[in-house]
Amino acid sequence: MVSIRIQEWPQNTSADQARRENVVIAARLMTNAALTAPCSSGAPKVEAHILSDLDDQERLARKMEEFANEKGNARTENLFKYEAVMVRESDAILFLGTYRALDDPFDSGCGLCGGRPNCTHVYSKRKGKMGIIDPTEKVKRHEGLINGPLCSLHVSDLGFSVASALWIANTLFVDARPFMTVGVAGQKLGYCPNSAFVVGILLCAWSKNPFVDINPDYHLVNMGRAIDQLRKFYTLHRQVGPDYRLWDPSKEDKEE
Amino acid sequence: MGIYDGRSLAQEHLLNVAKHCAQAAFKAPQITGRLKLQIVALTHEKEMLPIIEAFDILGKFQPGHVKNAWGYRKLFESGETVVMVLLGADLTVSDLGWDCGACGFRTCKEFNAYSKKHRGVGHLNEGPTCNWKALDFGTACGWAAAAAAQDNADNRISMFEGAIARALGYLEGCSYVLSIPLVSGRDLWFYSRPAINRETFSYDWWKDYVRTFIPTSFMPFFSPTTIPWVKTRQDWEQEMGSPKYTIPKEDQEIVRKRDDVRKRLREFVEKKKPEVAKMKKELTKLPSSSSQ
């Protein structure tokens, strides 16, 4: 026998938790789609991690806010800040990474990475032995978000996986959107540890898709903060009034 | 309404599937929101022929490509309809300003400066590439392939077809082109390759091939003091007198063959470019597109 009540509000109740669990099922199915997606030569190269835990989501959001200040620039600062809010609002997060892009280029000399008929753009900037790139090498130039250069063909293949995963979400009517910021911060926190290039897909099954219609200053003006402000002000304003046990002014309302 | 032949119906629907693919690719979610995607669909044999002929040339060096040419020819011979959806984009410019470093440069500005100076062609595609653009392009192609799969049209994403189409000029200004061929009325045409038969496939050739690409599967146990050899028959111990070795060595004959195929391919592309340009001028207009 099954009896499950599902409702998106109030948050974090058993009815809301049941809804979140449904989204995790969608994330699992998306992962299968990502793994069976088309890719160059059919060689496996994708790893995945599903996250649906409010504490872990908060940790990820804070990492993104840290990146906004420490690694962000004029273009990315607010991406990190705004999208950190979306991480907090997600029901689940699916990380997809390509674990071959850094140390196992496709070796076809396709030209994507450097515009040359070989893979030297990647190999010349990496240490290694006998054509095997050393992924443990400490790279001085790696002060940015991603440890490049990477095999762009593998990255493009990851796009196929992201597409298949998103297609499943779309088919299941679960709101989903892929993000650079979520992937980059998630990778630094250890999700998809073997991958240098990670995409974070946020998932949510609210009546309103929280990943679209994003207002300016979203890190300051958003549902979470609005509700918190309401709690603060209501708490303040409820203190104006008499002891209901001695006198209830509503009983003297002439409208009744 | 009348009686329709099912195969004809399926073939006629193929253009609708291509429309669905194009719709899907343009609608596909993007991380950058800045990908400028181009799509063309080839629907006639003569439009795909230059690509198939290029496979014939490539097959002289890499036999795997010949089977692609066989596959298409078989389809055309049997009167099947094929639609080749070509998707392309220029990934060599980063207008993101994210300075993520995935390309190997510290900033997008440095990448763009390098790209402007060193933009070039590899064996297949142009580069260098902004990896986030590459990801979005992959997502668009994956979304298109998913659309075709949803419509039950047999399909496969092909990088070689796309690369040849790019070189031939089917899509201008694109650094990376991928092809999604669609065929109706068939299952697994582009995967299990029913076009490969006794006439076109030799078991002996395959045995040599498989020993070349996974030699470790055919190696006997050997000590570090001996050179490993590859077993080629069941009574392989008998080969010990004249074993076949796998030793990394230079082979100038292969280099010559490779260079010759590349030269012939370049000449072929240059020869066919005007033909493709002429076909593009005659680009079929859909009834609804009056402005083009």
Side-chain angles (χ1 to χ4, degrees), chain A residues 33 37-40 71-76 79 101 108-119 121-122 125 141-168 170-171 176-181 183-184 196-197 199 201, chain B residues 24-25 27-32 91-92 96-108 111 114-115 118-147 149-150 155-159 163 175-176 178 180 191 262:
Chain A
C39 66
S40 304
K71 299 194 179 215
N73 61 21
R75 289 273 185 96
T76 56
L79 293 186
S108 67
C110 81
L112 275 180
C113 66
R116 294 196 289 266
N118 48 49
C119 303
H121 181 70
V122 171
K125 292 187 170 76
R141 67 177 171 278
H142 178 39
E143 303 154 345
L145 301 168
I146 296 170
N147 180 5
L150 305 172
C151 172
S152 301
L153 195 58
H154 284 317
V155 174
S156 160
D157 277 357
L158 180 66
F160 300 163
S161 288
V162 171
S164 288
L166 291 173
W167 185 277
I168 292 297
N170 199 45
T171 307
R177 201 169 162 192
F179 293 94
M180 172 273 285
T181 53
V184 162
F197 197 96
V199 170
I201 301 175
Chain B
K27 157 73 184 158
Q30 287 183 24
I31 290 182
T32 67
L91 314 177
T92 62
L96 307 179
W98 291 355
D99 301 339
C100 77
C103 55
F105 297 95
R106 217 168 43 83
T107 65
C108 293
F111 167 80
Y114 178 86
S115 180
H118 295 95
R119 179 171 171 157
V121 190
H123 292 314
L124 296 164
N125 316 302
E126 284 182 43
T129 292
C130 165
N131 284 300
W132 289 104
K133 290 277 184 78
L135 185 101
D136 272 352
F137 179 67
T139 305
C141 295
W143 201 261
Q150 195 94 332
N155 72 92
R156 181 169 193 161
I157 298 184
S158 167
M159 186 168 54
S175 62
Y176 193 19
L178 289 171
I180 304 180
Y191 284 87
R262 284 180 187 166

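Chain identifiers are assigned alphabetically (A, B, ...) following the order of the sequence lines, protein sequences preceding nucleic acid strands; residue numbering begins at 1 within each chain. Only a predicted model underlies this, so the values are computations on that prediction, with no experimental measurement involved.
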Heavy-atom pairs under 4.5 Å with chain A: which of [options] has the most?
options	result
B:A147, B:A163, B:C130	B:A147
B:I31, B:I157, B:T92, B:L91	B:I31
B:L178, B:T139, B:L124, B:L96	B:T139

Please report the shortest heavy-atom distance between [X] and [Y], naming the atom on each side.
X	Y	result
B:C103	A:P149	O-CB, 3.3 Å
A:F197	B:A102	CE1-CB, 4.1 Å
B:Q150	A:T171	NE2-OG1, 4.5 Å
A:V184	B:W132	CG2-CZ2, 4.3 Å
B:W98	A:L79	NE1-CD1, 3.5 Å

Specify which of [options] makes the most heavy-atom pairs with chain B at under 4.5 Å.
options	answer
A:G111, A:A165, A:G109, A:P117	A:P117
A:A33, A:C110, A:A163	A:C110
A:A196, A:G115, A:A176, A:S156	A:G115
A:T181, A:N118, A:V155	A:V155

What's the separation between atom [atom1] in [X] and atom [atom2] in [Y], rounded to the nearest 0.5 Å?
X	Y	atom1	atom2	answer
A:N170	B:W143	CG	CH2	4.0 Å
A:S40	B:M159	OG	CE	4.5 Å
A:F160	B:F137	CZ	CZ	7.5 Å
B:E126	A:L112	CD	CG	10.0 Å
B:N125	A:S152	CG	OG	9.5 Å
A:K71	B:D99	NZ	CG	12.5 Å

Please state whether the side chain, the backbone, both or neither of [X] comes within less than 4.5 Å of a heavy atom of chain B.
X	result
A:D157	neither
A:P178	both
A:S164	neither
A:R116	both
A:C113	backbone
A:F179	backbone
A:I168	neither

**Report entry** Segment of B:A146 engaging chain A (4.5 angstrom heavy-atom cut-off)
**Finding:**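 Both backbone and side chain.
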
Could you look at B:A24 and say if it's the side chain, the backbone, both or neither that has a heavy atom under 4.5 Å from chain A?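 For B:A24, the contact with chain A is made by the side chain alone.
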
